[in-house]
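Read the structure below first, then the notes.
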Amino acid sequence: MPETDPRRWKALLFICIAQLMVVLDGTIVNIALPSAQVDLGFSDGNRQWVVTAYALAFGGLLLFGGRIADLWGRKRAFTIGVIGFALASALGGVATTTGMLLGARALQGAFGALLAPAALSLITVMFTESKERAKAFGIYGAIAGGGAALGLILGGVLTEYLNWRWTLLVNIFFAIAAAAGAFLVIREPEGDRQRTGRLDIPGVVLASTGLVALVYGFTRAETAGWTSGSTIAVFAAAAALLTAFVVVEKRVKAPLLPLRVVLDRNRGGAYLSLGTAVIGMFGLFLFLTFYLQIVRGYSPVVTGLAFLPMVAGMMIGSTQIATRLATRVAPRYSMAGGFLLAAGGLLILAQITTDSPYAAVVMPGMFIMGLGLGTAFMPAMNLATLGVRDADAGVASAMVNTSQQIGGAIGTALLNTLATSATATYAASHMSTPPTPDGAKLVQLQAMVHGYSVAIYWAAGILALASVIAFVFINHRQPKDEHRPTGTTPPVIPAQIPETTKTPR
């Protein structure tokens, strides 16, 4: 068993700071977009690209970033990722044109794709004892999972009391702390990475372009429709590129993604259940922000604070429930039960009306959802790279991020389509003829809430499906004294979930 690093808990702190920076960036920018649009004067169409530019770069380059971490070393990849992310954030914070802002967001995604796989690889080599590893994963998972909601809070505060630019510039302070920790505290054991081997250039090109096309396809479906010619063409291109990628990976000597990583039953089940769960999570993030601000009239700051129960539930689920169960029950039970509990939280949230009391509906629904996700994510993070070879640790972590990134893209497009359709149907059947101004406004709000509710019901069903997937596919039984071999790496909670800026109408 490798020597235990005495500075491992300090190192965990700095790794969590870096991951929090990446996760915050997903939602913190969304609240600031209306102010940025007024300042820079970009169109509604380009407003969506402020989010999409990040999502495409991050999702498309994750596998590449994971393999680079395997070849370069995790500490080096982590440090470069942190510094690059900070520089890209600074560029976006001082942007004077739309193109400059979009370029900065794409650079953030590229460096995030390098940082995210490296971060969790470092945790693995420092925490090899079963109980300590469970505790470390629980802390990391709670911070990473709750970071999206914290981004709403911080984004609201910075936008309301300073200006939108600080939602990007604030990353510099996180990066300084994380980079200092990387230089002074974080240590990567010798002999823990793949020091030789050629980079699979054809695999990099095919995987990156295929994943970019797939993420863009779902984004395109949201705006142009699922049956439009352009949407179908993008999906067809993605399918062709990813099929070619699989063929290449079977034949090359040093593949970008060794297929053994994804064909293992337990790892594959973890990837699939986590990606499915992310689709359902958008039942919360996608619509509840609109509901609180548009229907209930909450300010950005109050809207962000309204998500605190979910953060609390996530932290309790990860650090208390899942950590205690880690050496007592098989992962399938924690994951299946956690996803099912999260689905129950969404069923509560689906009961929203135009005047629902926050304390009676929204608060308990968010807390229960967070509790369930925290309970499920921690064992999934531990399981998703179980038994993976040292040389594949980075790309295995990247694969988890990739599955969740695709799940986020699907969730954005699919749930928004369902909500929009339900809203239109409700408005058409309830609008009086001719409508009075007050009556039309009330029906419009009721139709909007009905659309949100329908989509959240679907999201609850998707989370229930994630529960079934975890229970059926995963059969690993973890003994109490199990030790993970050095070089196996837990995955990352979606560092960046692509948010939509388009309100269902």
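Just so you know, these numbers come straight off a predicted model, no measurement behind them.
Taking the side chain as every heavy atom from C-beta outward, Asp264 and Arg260 never approach each other to under 4.5 Å. Between Leu463 and Leu373, some side-chain heavy-atom pair lies under the 4.5 Å cut-off. The side-chain heavy atoms of Phe235 and Leu214, taken from C-beta on, include a pair separated by under 4.5 Å. In this structure the side chain of Phe307 never reaches within 4.5 angstrom of the side chain of Val362, judged on heavy atoms. Using a 4.5 Å heavy-atom cutoff, the side chains of Phe78 and Leu115 are in contact. Considering only heavy atoms from C-beta on, Val204 stays 4.5 Å or farther from Arg67 through its side chain. Two residues are said to be in side-chain contact when any heavy atoms from C-beta on lie closer than 4.5 Å; Gln108 and Leu168 meet this criterion. Residues Leu206 and Leu242 form no side-chain contact, since every pair of their non-hydrogen atoms from C-beta on lies 4.5 Å or further apart.
Note: Met314 CE to Thr319 OG1 = 11.5 Å, rounded to the nearest 0.5 Å. Interatomic distance, Thr209 OG1 to Tyr216 OH, rounded to the nearest 0.5 Å: 15.0 Å. Leu305 CG to Ser299 OG: the interatomic distance, rounded to the nearest 0.5 Å, is 8.0 Å. Remark: Leu465 CG to Ile279 CD1 distance equals 8.5 Å, nearest 0.5 Å. Here the CG atom belonging to Leu158 is positioned 11.5 Å from the OG atom belonging to Ser35, to the nearest 0.5 angstrom. Of the inter-residue distances, the one linking Trp458 atom CH2 with Leu415 atom CG reads 10.0 Å to the nearest 0.5 angstrom.
Judged by distance alone, the side chain of Thr243 and the main-chain N or O of Ala239 form a donor-acceptor pair under 3.5 Å. Between the side chain of Ser273 and the backbone N or O of Ala270, at least one donor-acceptor pair lies under 3.5 Å. Judged by distance alone, the side chain of Thr276 and the main-chain N or O of Ala466 form no donor-acceptor pair under 3.5 Å. Checked by atom type and distance alone, the side chain of Thr420 pairs as donor or acceptor with a backbone atom of Asn416 at under 3.5 Å. No donor-acceptor pair under 3.5 Å is formed between the side chain of Ser318 and the backbone N or O of Met378.
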CA sep, side-chain torsions, deciding dist, call: Phe339, Ile469, side chain to side chain contact (heavy atoms under 4.5 Å, CB included): CA-CA 10 Å; Phe339 287 139; Ile469 291 172; over 6 Å; no

Pair Thr79-Lys75, side chain to side chain contact (heavy atoms under 4.5 Å, CB included): steps then yes or no: CA-CA 6 Å; Thr79 305; Lys75 178 177 177 178; 4.3 Å; yes

Side chain to side chain contact (heavy atoms under 4.5 Å, CB included) between Val215 and Ile406, worked out: CA-CA 6 Å; Val215 173; Ile406 299 304; 3.7 Å; yes

Derivation and outcome, side chain to side chain contact (heavy atoms under 4.5 Å, CB included), residues Phe287 and Val454: CA-CA 11 Å; Phe287 304 114; Val454 168; over 6 Å; no

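Nearest approach of Phe58 to Ala116, heavy atoms of both residues: CZ-CB, 4.2 Å. Nearest heavy atom pair, residue Val212 against residue Gly60, reads CG2-CA, 3.8 Å. Among all heavy-atom pairs drawn from Leu383 and Arg267, the shortest one is O-CG, 3.9 Å. Across all non-hydrogen atoms, the minimal contact from Ile232 to Thr227 is CD1-O, 3.7 Å. Taking all atoms of both residues into account, the shortest heavy-atom contact from Trp164 to Asp39 is NE1-OD2, 2.9 Å. Considering every non-hydrogen atom in both Met369 and Met281, the closest pair reads CE-CA, 3.6 Å.
With sequence neighbours excluded, the residues satisfying side chain to side chain donor-acceptor pair (under 3.5 Å) with Ser230 are Arg220, Ser228.
In this structure, Tyr452 and Tyr291 have perpendicular ring planes: the angle between them is above 60°, well past the 30° mark. Between Trp226 and Phe218, the ring planes lie perpendicular to each other; the angle is over 60°, past the 30° to 60° tilted range.
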